[in-house]
Every structure is written in C-alpha cells, then in structure tokens.
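Here's the structure, in structure tokens; my notes come after.
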Amino acid sequence: MQKQPTKKIYIKTYGCQMNVYDSNKMLDLLRVFGYTETENLPEADLVILNTCHIREKAAEKVYSELGTIKKLKEKRKASGNEMIIVVAGCVSQAEGDEIFTRAPYVDVVVGPQTYHNLPELIAKVSREKKIALDLDFPLVSKFDSLPDSQKIDGYTAFLTIQEGCDKFCKFCCVPYTRGAEYSRNLVEIYREALLLVEQGAIEISLLGQNVSAYHGLDHEGKEINISQLIEHLAKIPGLKRIRYTTSHPNDMFEDLAKLHGTEEKLMPFLHLPVQSGSNRILKAMNRKHTAERYLNIIAQYRKAKPDMLFSSDFIVGYPGETDEDFEDTMELVRKVRFALAYSFKYSIRPGTPAAVLENQVPEEVKSERLARLQALLAQQQDEINQESVGKVCNVLFEKKGKYPGQILGKNEYAQAVCAIGDESMFGKILPVKVNVVSGNTLSGEILN
Ligand code: SAM
Ligand code: SF4
C-alpha cells in the first residue's frame, strides 16, 4: 500500500474499554500508511465503526449509523471521492457477511482478532474494488503485528493484557466474538507500559475480559498471575496509578486483594460483576460462583484495604428469574453498597444457550425490576459520594470542567472531581478537599 498523506480516517467506537484500546491500535496502524484522524465524518476517506454486540440495541444502532454513512458515501462518490466503510469489532464477528447483505455499501468486515490486517484489506478494496471479509481467529496473536502506540489522549491509558473468554456464561456472546482466553507476556506488556508512560501516561488501566485470570509468561518463561504482573509494572518510575478491569469472581485470589493494602500505586477501586444475587440464577447462568463467594471476596478486599470502593454489573430478568430471585439481588446490593454499577435488562443474544430458553421474563417485569434496582444503586452511589464531603482525596486532573476556570479529573476511587484550577495542573495528582456533591461529580478545593 502506498503512502497517501492526505487520507482522512473517522473512527467511531461502541462498547467497552477494550474496544477503545482496539480503536487506538487501528489508528496507530493506519497512521503508518498516511492516514490522519478526523472528527468530521463527511470528509473521511475511510470510516471505521468499531462495534459492540453485547446487547441487542448496540447492533441495531450500528445498522442505523450505517444508513447515515451510506448517504455521505454517495455524496462523496458524486464529487469523485472515495469513502471506504469498515465494520470492525464484535458485531462483525457475530453477523459476518450478513452485514454485506443488510448494508451492501460496506466494504470491509473485520473481527476483533484480525484488525491488524486492515491495511491489506483496505488496499484490496481500493485496488480490486471488491469487498473484504476477515473473521479468523489466527494462531499467531494479533499483538505480534500491532505497531507501538504513537500518542495517548490525556494522562490515562488502557493496556490490554488478556483477551477472550472460556467461561461461557449462558447469556453472553463474548466467547464467540472474542475467542479463547489469551494472556500476553510480561516483556510485551512492560514494554508497552514504558512507552505509554514516556508519552505522558500517569495512570494505566490493565484490560481483559477476565483480567484477573491473567496467566502470562515472565522474562524467564515462568507463568505469572496478575498480582505479580502489577508488582513488575509498579516499578516503572513515572507510572503513579494502576487499575485493572474486568474481573470475574471465580478468578479472584487473596494475594490480589492483599496487594491493594501494600502497593500504593494500585487504586482502591474494584469492578467485579456479579450479575445476580440469586444462587439459583447464578447456576442457571453458568457463572460458577455463588452470592456467598462474592460477598467473601468483597470482605477480603475490605480487610486488605478498608477504604476500597466497588462497582458491578447486573442483569435483571434472566430467563426463569422469579420475584424471590430478584429480591436476592436487591439483598446482595444492600450488603455490599456499591459506589457505581451498570445494570441491564437481559437481552437475547442469538447463538447463546439462554436465547432458546422458553421461560423468558416478560418485558414489563424486567423494566419494573430494573427501575427498582437502579433506584437502590443510585441511592447507594449518592450516599457514598456524600460521605466524601469534608474528606481529602487525590485527583489526577486531565481536562477543563463544565464551567470557566474549572478543571476535572478522577480521584483514586474513580470518582469524578472538579475544582478551580488551570491547565498547568493537568497531568498532576493533587490533594482536594471535597465540599459538595453535584450529580455524580464531587467538587472541592485544591490544597497547597
Ligand atoms: N467478563 C465480564 C464478567 O464476567 O462479568 C463482563 C464482560 S461483558 C462484556 C459486560 C457486561 O455485559 C456483563 O457483565 C453483563 O452484565 C452484560 N451482558 C452480557 N451479556 C448480556 C446480555 N445478554 N444481556 C444483558 N446484559 C449482558
Ligand atoms: Fe461473558 Fe461470562 Fe466471559 Fe464475562 S465471563 S465475558 S460475562 S462469558
């Protein structure tokens, strides 16, 4: 493929942080071939939708977005310009060439494990005026073919350390779209972390579908777990904060909890999806953990680091969920007290085992349960936010706030905090005394 410095690329990312990481990597990859990023869709020579398949509406949103892009493509064609449309990510993997049937103006369909082939696929489309499809699960990891990161936005960065999933929860499409579990090795991860820090990263979030199941090889070929990996990364001088997400309750172990008590760079916040508080439903979901096991993990973390805050994911209305099962979920929420949570109505994903179950919960029951759960979670979040009033937290400031003179950042507990300040404070971790909570943002004054 020839270098074409004037080509513009527009990329839209749906879904999880891992997709954000992948989109950045696609940009890194295509910059080498002369593409520059644009936020102005009509001027794009190349449009990439990096999609998510986790819930039904996400895929429908992609098709509706494609309808709009189609018109822009036609306009560009009329003025003698090209617009190549790529659909990447999990919708591609799940829908395959059905995308070409529903949206025949799409040029490339590429899955999450083969996007490193994008330059070749795009060149093929340009050269041969043919569509291109690549949905393989290659034996050689895509990470071996991806270029180094070239720029990061702000002072926080994502770093994928583990991918795929072998757990097969019965509601979830991830094992089918992202493939089998795979852990990158220490040297690769350490090198990428060093590079991110060189580019200004102060905080790194280690990413994986099951990040705490990480089991990569170290520099001597010995298998290490996520605690050992974090201990290595914590030695990087400019790196001040480390987080990891998303964990599965079955992969949690005491050493990791204890590390929160001893490693200052490891932030006191854990996202640990539980999905349901009913053991009957957890079993039906094939989660392989119980509510009691979940509460034990929370207790372990609180013992190691008493100020730890927690977040979770919930699914309401899984097939067969009774009022009693749902009350168990509400009870678990009351026991834990979550600082943040993501809750969803169960959404049928074709091809997953739960999709064909006959005991589906009626939509109105799901809506009513979700509203009750979300009200409780919002109340807990507000109470936890209010508890920070009068306390001092440490905020990594990154951008301007909503109002003039205000700056915004995240504290160690991943809460949004704003204060009066200026751009010279961006990229610094500063102590802030919290005075007031507005919505989900804390505001306070920066201490000397
Ligand atoms: N690996 C993580 C775990 O084990 O919890 C979660 C990854 S998944 C990408 C993110 C969240 O999407 C899940 O925790 C679940 O709450 C939600 N989710 C997955 N499939 C779903 C479905 N069919 N309907 C509703 N929510 C779903
Ligand atoms: Fe999906 Fe379950 Fe794997 Fe998480 S652990 S990605 S919910 S199958």
Side-chain angles (χ1 to χ4, degrees), residues 13-22 50-60 89-91 93-94 112-113 158 160-183 205-214 226 244-252 270-278 281-289 291 293-294 297 310-321 326 329 332-333 338 340-357 360-361 363 366-367 369-370 373-374 377:
T13 310
Y14 300 78
C16 65
Q17 293 161 329
M18 205 168 261
N19 263 12
V20 175
Y21 176 90
D22 289 344
N50 191 13
T51 62
C52 166
H53 193 62
I54 205 79
R55 279 169 295 278
E56 203 178 335
K57 281 192 189 133
E60 286 315 309
C90 292
V91 171
Q93 197 68 43
Q113 301 309 339
F158 295 134
T160 295
I161 62 165
Q162 180 275 338
E163 263 218 81
C165 179
D166 298 337
K167 295 212 162 49
F168 292 93
C169 299
K170 291 200 175 163
F171 53 80
C172 185
C173 59
V174 168
Y176 311 97
T177 57
R178 288 256 167 191
E181 230 176 81
Y182 168 81
S183 294
S205 288
L206 306 176
L207 302 182
Q209 295 297 345
N210 288 286
V211 78
S212 42
Y214 173 83
I226 187 168
Y244 55 94
T245 197
T246 298
S247 302
H248 186 288
N250 270 11
D251 301 317
M252 306 309 279
L270 175 71
H271 180 62
L272 188 61
V274 66
Q275 316 300 355
S276 169
S278 153
I281 293 297
L282 288 170
K283 190 159 185 231
M285 286 175 164
N286 193 32
R287 285 290 289 180
K288 299 200 178 84
H289 63 84
R293 161 97 182 113
Y294 188 88
I297 298 166
F310 299 91
S311 84
S312 195
D313 291 347
F314 297 87
I315 295 179
V316 300
Y318 184 77
E321 185 189 72
F326 176 67
T329 301
L332 180 133
V333 172
F338 291 98
L340 186 70
Y342 305 91
S343 46
F344 317 100
K345 285 192 254 184
Y346 167 68
S347 159
I348 292 179
R349 306 318 294 127
T352 60
V356 292
L357 295 175
Q360 300 287 334
V361 173
E363 204 49 37
K366 286 191 211 171
S367 300
R369 287 181 189 163
L370 186 66
L373 175 64
Q374 289 186 337
L377 290 165

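Remember, it's a predicted structure, so these values are computed and weren't measured experimentally. Numbers here simply count residues along the sequence, with the first being 1. Every number for a ligand or one of its atoms is a count from 1 in the order of the listing. We use all heavy atoms of the structure for the numbers below, so side chains are in, but hydrogens, waters and symmetry mates are not.
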Would you kindly say whether [X] and [Y] are connected by a side-chain donor-acceptor distance under 3.5 Å?
{"X": "Glu163", "Y": "Gln113", "answer": "yes"}
{"X": "Thr177", "Y": "His53", "answer": "no"}
{"X": "Lys345", "Y": "Ser367", "answer": "yes"}
{"X": "Ser343", "Y": "Gln374", "answer": "yes"}

(request) Mind running ring pair (Phe, Tyr, Trp, His ring centres under 6.0 Å) on Tyr244 and His271 for me, showing each step along the way? (result) CA-CA 8 Å; Tyr244 55 94; His271 180 62; over 10 Å; no
(message) Please determine whether Cys169 has a backbone or side-chain N, O or S atom lying under 2.8 Å from atom 1 (Fe) of ligand 2.
(response) no
Going by the order shown, which atoms of ligand 2 are within less than 4.0 Å of some heavy atom of [X]?
{"X": "Phe171", "result": "7 (S)"}
{"X": "His248", "result": "5 (S)"}
{"X": "Pro175", "result": "8 (S)"}

Can you tell me which residue and heavy atom of the protein come closest to [atom], and the distance to 0.1 Å?
{"atom": "atom 1 (Fe) of ligand 2", "answer": "Cys172 SG, 2.3 Å"}
{"atom": "atom 24 (N) of ligand 1", "answer": "Ser347 N, 3.0 Å"}
{"atom": "atom 8 (S) of ligand 1", "answer": "Ile54 CD1, 3.8 Å"}
{"atom": "atom 17 (C) of ligand 1", "answer": "Arg55 NH1, 3.4 Å"}
{"atom": "atom 25 (C) of ligand 1", "answer": "Lys345 O, 3.4 Å"}
{"atom": "atom 16 (O) of ligand 1", "answer": "Gln275 OE1, 2.7 Å"}
{"atom": "atom 10 (C) of ligand 1", "answer": "Asp313 OD2, 3.6 Å"}

So for ligand 1, is [X] a polar contact partner (N or O within less than 3.5 Å, distance only)?
{"X": "Thr246", "result": "no"}
{"X": "Arg349", "result": "no"}
{"X": "Gln209", "result": "yes"}

(request) Check if Arg287 has a non-hydrogen atom at a distance under 4.0 Å from any atom of ligand 2. (result) yes
(request) Could you name the option among Phe171, Tyr342, Phe314 that has the heavy atom nearest to atom 20 (N) of ligand 1? (result) Phe171
Can you check whether [X] reaches [Y] side chain to side chain, under 4.5 Å on heavy atoms?
{"X": "Val333", "Y": "Leu373", "value": "yes"}
{"X": "Val91", "Y": "Tyr14", "value": "no"}
{"X": "Cys52", "Y": "Cys90", "value": "no"}

(message) Are more than 12 heavy atoms, taken from residues, nucleotides or ligands other than Phe168, located less than 6.0 Å from that residue's CZ atom?
(response) yes
One residue to check: [X]. Relative to ligand 1, which of side chain, backbone, both or neither has a non-hydrogen atom less than 4.0 Å away?
{"X": "Arg287", "result": "side chain"}
{"X": "Lys167", "result": "neither"}
{"X": "Phe344", "result": "side chain"}

(request) For Tyr318 and Ala284, work out which heavy atoms get closest and say how close. (result)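 Heavy-atom minimum between the residues: OH-O, 3.4 Å.
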(message) So which atom in Lys366 and which in Val361 form the shortest heavy-atom distance, rounded to 0.1 Å?
(response) CE-O, 3.3 Å
(request) For atom 3 (Fe) of ligand 2, decide whether Cys165 has an N, O or S atom at a distance under 2.8 Å. (result)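 So Cys165 does bind atom 3 (Fe) of ligand 2 by this criterion.
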(message) Heavy-atom pairs closer than 4.0 Å: do any link ligand 2 to the side chain of Thr246, the backbone, both, or neither?
(response) neither
(request) Assess Arg55 against Phe344: is NZ or CZ under 6.0 Å from the centre of the six-membered ring, and within 45 degrees of the ring's axis? (result) yes
(request) Would you mind running through ligand 1 and noting each atom that sits below 4.0 Å from a heavy atom of His248? (result) 4 (O)
(request) Classify the angle between the aromatic ring planes of Tyr294 and Phe338 as parallel (below 30°), tilted (30 to 60°) or perpendicular (above 60°). (result)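 The rings of Tyr294 and Phe338 sit tilted, inter-plane angle from 30° to 60°.
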